[in-house]
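The shown structure was predicted, so the numbers you read here are calculated from the model rather than taken from an experiment.
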Amino acid sequence: MIDLVIVGTRGQARETHAILESLVDAGEPWNVLGFVDDAPDSGEVHALPVVGSIDWLAARPDVAVAIGIGSTGVRAQVVERITGYGPRLFPTLIHPDASVGRRVDVGEGTVVCAGTIITTDIQIGAHVLLNFGCTVGHDAVIGDMVTVGPGAHVSGAVHIGRGTYIGTGASIIQSVAIGERAVVGAGAAVIRDVPDDRTAVGVPARVLDPRDDG
């Protein structure tokens, strides 16, 4: 068995634990010790202890880590902090009910939730969160630290830059490029490129003026 803790104690951390429970039921060797969080809501989650703050990991290099944080920016900060303690196993967690094609490259620490469909010839970076029921089409490229919300659809040959957030139920048509640290609002239909650090909302999606993109 491989000892593992989950970073976070809120909704995404509990969702991550549920995925791990399904993976253990399917025969994977994870022994979830509990959770770590600098400011936990309580001392226990899903009948498992909050064993300490994130610094608890500094003296435990052999414990694997799953990041249970939905925010792209916070997730990146936490990964940088933990890797600063030294080498670490960040397992890729793919729910047994997800469909992932044979020609899909998935980076370390990425979490793929139930009902997600990832087809073929796709590159997915490290520490990506692909939420429930989203789809990713052929030849898509998804950068590190991206979050794709529940029910969102990423069409073929779409490129999504590092640290971008794709909202619940959003759709991105084929061959569109989304920049780094961008935000696509819930339910948006993206039909043209979105630059770095910008927000796109609506149907069809429009890119907000930086003065309105607060």
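Contacts of Thr147 classified as side chain to side chain donor-acceptor pair (under 3.5 Å), with partners at least two apart in sequence or in another chain: Arg75. With sequence neighbours excluded, the residues satisfying side-chain contact (heavy atoms from CB on, under 4.5 Å) with Pro49 are Val51. Take Asp121 and apply the side chain to side chain donor-acceptor pair (under 3.5 Å) test, not counting sequence neighbours, and it matches no residue. Contacts of Arg162 classified as salt bridge (Lys or Arg N to Asp or Glu O under 4.0 Å), with partners at least two apart in sequence or in another chain: Asp144. Scanning for side-chain contact (heavy atoms from CB on, under 4.5 Å) contacts around Ser171 gives His153, with sequence neighbours left out. Residues that satisfy the side chain to side chain donor-acceptor pair (under 3.5 Å) test with Thr16, not counting sequence neighbours, are absent from this structure. For His159, there are no side chain to side chain donor-acceptor pair (under 3.5 Å) partners, not counting sequence neighbours.
The hydrophobic cluster containing Leu129 also contains Leu4, counting ILVMFWY residues as joined when their side-chain heavy atoms lie under 4.5 angstrom apart, directly or transitively. In the hydrophobic cluster analysis, where Ile, Leu, Val, Met, Phe, Trp and Tyr join through side-chain heavy atoms closer than 4.5 angstrom, Val111 is grouped apart from Ile118.
Summarising the geometry, atom CD1 belonging to Ile122 is positioned 7.5 Å from atom CD1 belonging to Ile142; distances are rounded to the nearest 0.5 Å. Between atom OH of residue Tyr165 and atom CD1 of residue Ile160 there is a gap of 12.5 Å, rounded to the nearest 0.5 Å.
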Under 3.5 Å, sequence neighbours excluded: what are the donor-acceptor pairs made by side chains of residues 58-71?
{"residue": "Arg60", "atom": "NH1", "partner": "Trp56", "partner atom": "O", "Å": "2.7"}
{"residue": "Ser71", "atom": "OG", "partner": "Val74", "partner atom": "N", "Å": "3.3"}

Show me the donor-acceptor pairs, under 3.5 Å and distance only, between side chains in residues 18-29 and residues at least two apart or in other chains.
{"residue": "Ser22", "atom": "OG", "partner": "Ala18", "partner atom": "O", "Å": "3.3"}
{"residue": "Ser22", "atom": "OG", "partner": "His95", "partner atom": "NE2", "Å": "3.3"}
{"residue": "Glu28", "atom": "OE1", "partner": "Trp30", "partner atom": "NE1", "Å": "3.1"}

Pair up each side-chain donor or acceptor in residues 38-46 with any protein partner under 3.5 Å, not counting sequence neighbours, and list the distances.
{"residue": "Asp38", "atom": "OD1", "partner": "Ile54", "partner atom": "N", "Å": "3.1"}
{"residue": "Asp38", "atom": "OD1", "partner": "Arg81", "partner atom": "NH2", "Å": "3.4"}
{"residue": "Asp38", "atom": "OD2", "partner": "Arg81", "partner atom": "NH1", "Å": "2.6"}
{"residue": "Asp38", "atom": "OD2", "partner": "Arg81", "partner atom": "NH2", "Å": "3.3"}
{"residue": "Asp41", "atom": "OD1", "partner": "Arg10", "partner atom": "NH2", "Å": "3.2"}
{"residue": "Ser42", "atom": "OG", "partner": "Glu44", "partner atom": "N", "Å": "3.4"}
{"residue": "Ser42", "atom": "OG", "partner": "Glu44", "partner atom": "O", "Å": "2.8"}
{"residue": "His46", "atom": "ND1", "partner": "His17", "partner atom": "ND1", "Å": "2.8"}

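For residues 98-115, no pair satisfies side-chain hydrogen bond (donor to acceptor under 3.5 Å, both in side chains), with sequence neighbours left out. A ring-ring contact (aromatic ring centres under 6.0 Å, His included) check over residues 97-129, counting only residues at least two apart or in different chains, returns the pairs Phe90-His127.
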